Amino acid sequence: MDYKKKTKTSAKMFAKSSKLHVNGVSHNIRFYEPYPFVVKSSTGKNLVDVDNNKYTDYWMGHWSLILGHGPKNVKESLKKQIEKSWMYGTVNEQTIKLSELISKAVPVAEKIRYVTSGTEATMYAVRLARSVTGRKVIAKIDGGWHGYTSDLLKSVNWPFTESESSGVINEEKIISIPYNDLEKSLKILKRHSKNLAGVIVEPVLGGGGCIPATKEYLKGIQEFAHKNKSLFILDEIVTGFRFRYGCLYPTMKLDPDIVTLGKIVGGGMSIGVMCGKKEIMEYADTTGKKKSERSYVGGGTFSANPASMTSGYATLKHLKSRKSIYLEINSLGEFARKELNKIFDGRVAITGKGSLFMTHFLKGDITEVTNSGQAAKCDSQLLQKYHFKMIAQDGIFFLPGKLGAISYAHTKKDIKKMVLASENF
Ligand SMILES: Cc1ncc(COP(=O)(O)O)c(C=O)c1O
């Protein structure tokens with residue numbers, strides 16, 4: 001097989017990695033058969049593996065690298081910061097600078113708390129919702145992924161009914177609702193209304209299949225939550241600063257209580273953000289509140305470290321100063337979806353929005369993909385084969401089975417090359 005011939009050093013290194021690490025990896029989704037190539041460097045749109053194969057990257061650091069790998073301005077800012085230090089463990093100027101940008105671009109971010117991953121941000125959002133409402137139940141979407149927090153580790157993988165993991169307790173406190181089906185979702189929510197602390201939703205399902213929510217759906221869920229005095233939490237960890245300079249929610253005239261951010265706002269360094277309305281976020285204020293009243297949320301050792309704050313700031317500054325970036329990458333995404341639709345000629349659903357896109361090979365009675373259930377019933381083996389073929393033969397990298405993200409480092413020529421590789425497949 002081409003892949004094994006061209007990735008001999010990766011094979012040896014991955015064997016070593018497997019002895020040292022569970023599954024050989026440090027994030028379950030990073031493994032694929034027969035073994036993942038091992039990366040030695042990355043620049044712009046490219047990853048280079050230890051056998052010197054170059055791949056046009058559409059995984060883009062879990063979709064966090066909107067400006068590509070190692071963009072010049074972010075690199076220069078980081079170099080300067082690292083000369084000064086990369087860890088203070090104290091209040092620092094870099095954090096204040098990033099927060100000033102975020103709070104201007106995301107109106108609901110009246111108060112901000114930094115952590116070091118999206119998982120932590122959503123975990124604290126759940127705790128905060130419970131503290132504010134005095135209730136215990138959290139509703140999430142079937143197929144929604146919010147990181148590995150035990151508070152939301154349910155109904156992630158089809159058929160959404162089995163436990164995702166041993167070791168998770170109190171799963172009955174997590175309920176799940178079908179995406180883009182308002183009637184069914186409200187029915188479920190109503191059954192739990194008395195105990196419902198909050199609903200957490202992504203405006204575009206990321207891990208669940210790159211599926212945009214309809215405005216009516218999100219509005220309907222929000223309306224129910226607010227009438228019910230439950231919190232409406234938007235997880236914009238994938239969507240924040242992905243389609244425009246800011247979040248997606250203002251474009252739908254939504255009014256979330258808490259928003260979580262991550263990925264892009266850290267510019268490729270570790271970050272998680274929980275932000276929201278002042279009166280909600282103030283439950284996390286520890287000054288003058290009794291233990292029984294406050295919501296005790298992190299940070300941690302590395303939260304708001306000056307390196308992450310600097311790369312986030314440099315990234316947002318760049319996005320802010322060149323709004324044409326969004327026009328360009330969104331239109332490349334549009335082009336990719338249009339061309340892929342053309343060549344697969346009715347046999348696929350190409351989902352996505354702006355610079356995010358995903359191919360679903362239709363199977364059985366599935367004719368469209370508007371929720372994770374439909375996505376799961378598509379031909380996932382064929383999708384794996386398709387992505388793997390591009391890795392092995394075309395020097396194009398999608399994490400097998402996952403959505404593709406276009407960065408500012410990609411060009412129309414790259415998209416055309418990817419479309420041609422798809423056509424050959
Ligand atoms: C919507 C969403 N929320 C939360 C997370 C968790 O973020 P992290 O991997 O930084 O913990 C992810 C990760 O992909 C995500 O897509």
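Atoms within each ligand, like the ligands themselves, are counted from 1 in listed order. From a predicted model like this one, the values you see are computed outputs, not experimental measurements.
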Shortest protein heavy-atom distance from [atom], along with the residue and atom involved:
atom	answer
atom 9 (O) of ligand 1	Thr119 OG1, 4.4 Å
atom 2 (C) of ligand 1	Trp145 O, 3.2 Å
atom 16 (O) of ligand 1	Val238 CG2, 3.2 Å
atom 3 (N) of ligand 1	Asp235 OD2, 2.7 Å
atom 13 (C) of ligand 1	Lys263 NZ, 3.2 Å

Check the pair Phe425, Lys385 against side chain to side chain contact (heavy atoms under 4.5 Å, CB included), reporting the backbone distance first and the verdict last.
CA-CA 9 Å; Phe425 173 73; Lys385 266 193 200 158; 4.3 Å; yes
- Item | Contacts of Lys402 that satisfy side chain to side chain contact (heavy atoms under 4.5 Å, CB included) - sequence neighbours left out |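 Side chain to side chain contact (heavy atoms under 4.5 Å, CB included) check on Lys402 returns Ile29, Trp59, Trp63, Leu399.
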Under 6.0 Å between ring centres, would you say that holds for [X] and [Y]?
X	Y	value
Phe37	Tyr55	yes
Phe388	Tyr3	yes
Phe361	Phe344	yes

Original post:
With a 4.0 Å cut-off on heavy atoms, does His27 reach ligand 1?
Top reply: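 No, that is not the case, since the closest heavy atom of the residue is not under 4.0 Å from the ligand.
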Quiz item: Mind checking whether His62 has a heavy atom under 4.0 Å from ligand 1?
Solution: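 Under 4.0 Å: no for His62.
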What atoms of ligand 1 come within less than 4.0 Å of a heavy atom belonging to [X]?
X	result
Gly147	4 (C), 5 (C), 6 (C)
Glu202	1 (C)
Ser117	10 (O), 11 (O)

inquiry  = Could you walk me through whether His410 and Tyr58 satisfy the ring-ring contact (aromatic ring centres under 6.0 Å, His included) test, starting with their C-alpha distance in whole Å, then the side-chain angles of each, then the deciding distance to 0.1 Å, before giving a yes or no?
reply    = CA-CA 9 Å; His410 291 87; Tyr58 288 92; 4.7 Å; yes
Which option out of Gly240, Gly118, Gly206 puts a heavy atom nearest to atom 8 (P) of ligand 1?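 The option holding the nearest heavy atom is Gly118.
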Can you tell me how the ring of His27 sits relative to the ring of His62, calling it parallel under 30°, perpendicular over 60° and tilted otherwise?
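Geometry flag for His62 against His27: tilted rings.
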### Set of residues satisfying ring-ring contact (aromatic ring centres under 6.0 Å, His included) with respect to Trp158, sequence neighbours excluded
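ring-ring contact (aromatic ring centres under 6.0 Å, His included) list for Trp158, sorted by chain: Phe160.
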